[in-house]
Amino acid sequence: MKAKNIIAGLVFLAANYAVAYPMVGDKVEWKGTVVGTDGTSTEVLGSKEVLEQDPTTMKWLVKSWYKMGKWEKMETKYAKKMWTPEKWTTVQTNCVARGGMLEDVTVPAGTFSTCKFTKSDEDFVGLGKHDDDDDGTMTMWMGDVPFGVVKVMHTGDKGTKTIELNTVTLGQ
């Protein structure tokens with residue numbers, strides 16, 4: 001199902017709020033909806049949390065969870081590449097040159113400076129977006145938060161999927 005793939009891709013695409021991150025205990029939660037072309041609406045929830053860091057491999061153990069309607073998935077795995085303040089600075093600096101737009105966006109977790117970019121689905125294949133049958137466009141707002149994702153909207157043949165950053169908890 002397209003919506004599951006997009007939500008899964010979004011949650012897992014987000015690889016890592018100001019101070020310093022990633023840190024053990026960093027946790028973000030997203031909330032949103034999938035609205036079908038028939039008007040039906042389904043709640044979408046997701047989260048990512050840094051559970052530990054392995055100092056010998058410099059990998060982070062990250063728990064990812066997402067749910068759409070009755071469908072749910074949780075995964076815990078090590079990640080080497082994480083979203084960092086330095087990565088955000090690079091994205092912010094190059095945002096406009098790479099076709100994005102600097103924009104403040106307000107979501108339930110607050111107002112954030114972001115790099116907003118819109119791409120067709122085929123541009124996201126290999127970046128967490130799976131090739132399936134709901135062609136359309138995806139707009140992402142990336143910002144200075146753990147895991148980077150502030151908001152995502154996908155509009156396609158089967159409807160609109162939107163998720164927004166709901167809470168940010170910084171680790172210690």
TODO: Provide the closest heavy-atom pair for Gly100 versus Cys115 in the form atom of the first, atom of the second, distance.
DONE: CA-SG, 4.4 Å

Task: Derivation and outcome, side-chain hydrogen bond (donor to acceptor under 3.5 Å, both in side chains), residues Asp104 and Ser113 - done: CA-CA 4 Å; Asp104 288 346; Ser113 296; 3.1 Å; yes

TODO: Walk me through it: do Thr162 and Lys151 pass the test side-chain contact (heavy atoms from CB on, under 4.5 Å)?
DONE: CA-CA 7 Å; Thr162 304; Lys151 181 176 178 176; 4.2 Å; yes

- [ ] Hey, could you give me the OG1/CZ distance between Thr90 and Arg98, rounded to the nearest 0.5 Å?
- [x] 8.5 Å

- [ ] Look at the side-chain heavy atoms of Ile, Leu, Val, Met, Phe, Trp and Tyr, link any pair under 4.5 Å apart, and say whether Val150 and Val168 land in one connected group.
- [x] yes

- [ ] Answer yes if Leu61 and Val50 sit in the same cluster of Ile, Leu, Val, Met, Phe, Trp and Tyr residues linked by side chain heavy atoms under 4.5 Å apart, and no otherwise.
- [x] no

Task: Interatomic distance, Asp54 atom CG to Lys80 atom NZ [nearest 0.5 angstrom] - done: 9.5 Å

Task: Check: Thr160 side chain, Gly156 main-chain N or O, donor-acceptor pair, under 3.5 Å - done: no

Task: Rounded distance (nearest 0.5 Å) linking atom CZ of Phe117 with atom CE of Met140 - done: 5.0 Å

- [ ] Indicate yes or no: at least one non-hydrogen side-chain atom of Lys161 is less than 4.5 angstrom from one of Met153.
- [x] no

Task: side-chain contact (heavy atoms from CB on, under 4.5 Å) between Ser47 and Lys27, worked out - done: CA-CA 7 Å; Ser47 68; Lys27 183 176 182 179; 4.3 Å; yes

Open item on the list: Do Met101 and Val96 make a side-chain contact, defined as non-hydrogen atoms from C-beta onward lying under 4.5 Å apart?
Closed with: no

Task: Exercise: identify the closest heavy-atom pair between Val107 and Leu165 - done: CG2-O, 3.4 Å

TODO: Work out which heavy atom in Thr114 is nearest to a heavy atom in Glu103; give both atom names and the distance.
DONE: OG1-O, 2.6 Å

Task: Side-chain heavy atoms of Phe112 within contact of Asp144, under 4.5 Å - done: no

Task: Non-hydrogen atoms of Val152 and Trp141 that approach each other most closely - done: N-CE3, 4.2 Å

- [ ] In sequence, state the C-alpha distance, the side-chain angles, and the governing distance for Glu72 and Trp65, and then conclude on side-chain contact (heavy atoms from CB on, under 4.5 Å).
- [x] CA-CA 8 Å; Glu72 184 172 7; Trp65 169 82; 2.5 Å; yes

TODO: Kindly determine whether Thr167 and Glu29 satisfy side-chain hydrogen bond (donor to acceptor under 3.5 Å, both in side chains), including the steps that lead there.
DONE: CA-CA 5 Å; Thr167 63; Glu29 297 176 313; 2.6 Å; yes

Task: Side chains of His154 and Met138 in contact at under 4.5 Å (non-hydrogen atoms) - done: yes

Task: side-chain contact (heavy atoms from CB on, under 4.5 Å) evaluation trace for Asp26 with Glu49 - done: CA-CA 6 Å; Asp26 284 353; Glu49 180 178 9; over 6 Å; no

Task: ILVMFWY network linking Val35 to Leu45, side-chain heavy atoms under 4.5 angstrom - done: no

TODO: Identify whether the distance between the nearest side-chain nitrogen and carboxylate oxygen of Lys31 and Glu164 falls below 4.0 Å.
DONE: no

TODO: Identify which one of Lys81, Gln53, Lys77 satisfies the side chain to side chain contact (heavy atoms under 4.5 Å, CB included) criterion when paired with Trp60.
DONE: Gln53

Task: Same cluster (ILVMFWY, side-chain, under 4.5 Å), Val44 and Trp71 - done: yes

- [ ] Treat each ILVMFWY residue as a node, draw an edge where side-chain heavy atoms are under 4.5 Å apart, and state whether Met23 and Leu51 are in one component.
- [x] no

TODO: I would like to know whether Tyr78 and Glu52 meet side-chain hydrogen bond (donor to acceptor under 3.5 Å, both in side chains); could you show each step before the answer?
DONE: CA-CA 9 Å; Tyr78 280 96; Glu52 66 182 51; 2.5 Å; yes

Task: Spatial distance of atom NZ (Lys48) from atom CD (Glu75) [nearest 0.5 Å] - done: 8.5 Å

